[in-house]
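The structure under discussion appears below in the form of structure tokens.
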Amino acid sequence: IANLNNYTGQIGIAGVLFSPAGNSAVYSFYDKKGDKKHAYLNLKTGESSGITGEVGSVAFSSDGSQYAYLASGEEGGELLIAKGANVIKRALKTRAANLEIAWPFDDIMSILSRDKNGYGDLFTLEDKGALNKIISYQFGLNVKWSPSGGEIIFSTKDSNGSENLF
């Protein structure tokens with residue numbers, strides 16, 4: 001993160017997600033008022049741009065050329081796909097606020113949604129817009145995709161709080 005400070009001029013960097021190739025990043029920082037902000041940074045060109053809205057989960061495409069993020073506002077959330085500083089696609093509108101996104105394939109994203117009681121559902125969102133539920137209503141659901149995106153491992157918790165791996 002110290003090197004990222006040199007690129008951004010920010011000293012209050014709170015978090016960073018690098019693209020798979022390491023040539024760009026989405027980072028969060030605190031401004032002088034103490035408000036959390038988010039920005040995109042191209043590490044090759046030095047291009048930096050702010051990301052508007054309350055940003056939740058962020059994921060890069062497998063080749064790193066695009067990124068997706070959940071932006072929430074007064075009217076709910078929206079899953080946006082951006083390239084550099086520009087939003088190129090509005091992929092999904094949602095009322096859910098607690099989503100985790102991953103982009104394991106070029107043409108498929110995954111969306112993990114958890115309710116306030118800790119139960120989760122896993123969806124895939126295809127490039128063509130189809131939303132499919134692949135895991136339904138599991139307590140303590142956690143998901144990890146393989147680097148190739150071809151395999152998934154997930155865990156749930158039983159009523160005793162013990163973790164079960166699948």
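All figures in this text were calculated on a predicted structure; none of them were measured in a lab.
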Please report the interatomic distance [atom1]([X]) to [atom2]([Y]), rounded to the nearest 0.5 Å.
| X | Y | atom1 | atom2 | value |
| --- | --- | --- | --- | --- |
| Ile135 | Thr156 | CD1 | OG1 | 9.0 Å |
| Leu99 | Tyr69 | CG | OH | 15.0 Å |
| Asp107 | Ser61 | CG | OG | 11.5 Å |
| Phe105 | Thr124 | CZ | OG1 | 9.0 Å |
| Ile101 | Ser110 | CD1 | OG | 8.5 Å |
| Ile108 | Trp103 | CD1 | CH2 | 12.0 Å |

Please determine whether the number of non-hydrogen atoms from other residues, nucleotides or ligands lying under 6.0 Å from atom [atom1] of [X] exceeds 12.
| X | atom1 | value |
| --- | --- | --- |
| Glu163 | CD | yes |
| Glu47 | CD | yes |
| Lys89 | NZ | yes |

Would you check if [X] and [Y] make a side-chain contact, meaning some heavy-atom pair closer than 4.5 Å?
| X | Y | value |
| --- | --- | --- |
| Trp145 | Val143 | yes |
| Thr94 | Ile111 | no |
| Phe60 | Val26 | yes |
| Met109 | Leu79 | yes |

Does [X] use its side chain to pair, donor to acceptor, with the backbone of [Y] at less than 3.5 Å?
| X | Y | answer |
| --- | --- | --- |
| Asn86 | Ile88 | no |
| Ser28 | Gly15 | yes |
| Ser19 | Gly64 | no |

Cluster question for you: counting only ILVMFWY and a side-chain heavy-atom cut-off of under 4.5 Å, with indirect links fine, are [X] and [Y] together?
| X | Y | answer |
| --- | --- | --- |
| Tyr27 | Val55 | no |
| Val58 | Phe18 | no |
| Ile153 | Leu141 | no |

With sequence neighbours left out, what residues match Tyr137 under ring-ring contact (aromatic ring centres under 6.0 Å, His included)? Tyr119
Using the test ring-ring contact (aromatic ring centres under 6.0 Å, His included), find all partners of Phe123 that sit at least two apart in sequence or belong to another chain. none
Quick one: closest heavy-atom pair of [X] and [Y], and the distance?
| X | Y | answer |
| --- | --- | --- |
| Leu41 | Ser48 | CD1-CB, 3.9 Å |
| Ser155 | Leu165 | CB-CD1, 4.1 Å |
| Arg114 | Leu112 | NH2-CD2, 3.2 Å |
| Gln138 | Ser136 | NE2-O, 3.1 Å |
| Asn117 | Phe139 | O-CE1, 3.3 Å |
| Leu43 | Gly22 | CD1-O, 3.4 Å |

Could you walk me through whether Ile152 and Leu122 pass the side chain to side chain contact (heavy atoms under 4.5 Å, CB included) check? CA-CA 11 Å; Ile152 184 174; Leu122 182 65; 3.4 Å; yes
Would you call the rings of Tyr40 and Tyr67 parallel, tilted or perpendicular, where under 30° means parallel and over 60° means perpendicular? parallel
Pair Asp106, Ser62: side-chain N/O donor-acceptor within cut-off below 3.5 Å: yes
Set of residues satisfying side chain to side chain contact (heavy atoms under 4.5 Å, CB included) with respect to Asn160, sequence neighbours excluded: Asp158, Ser162
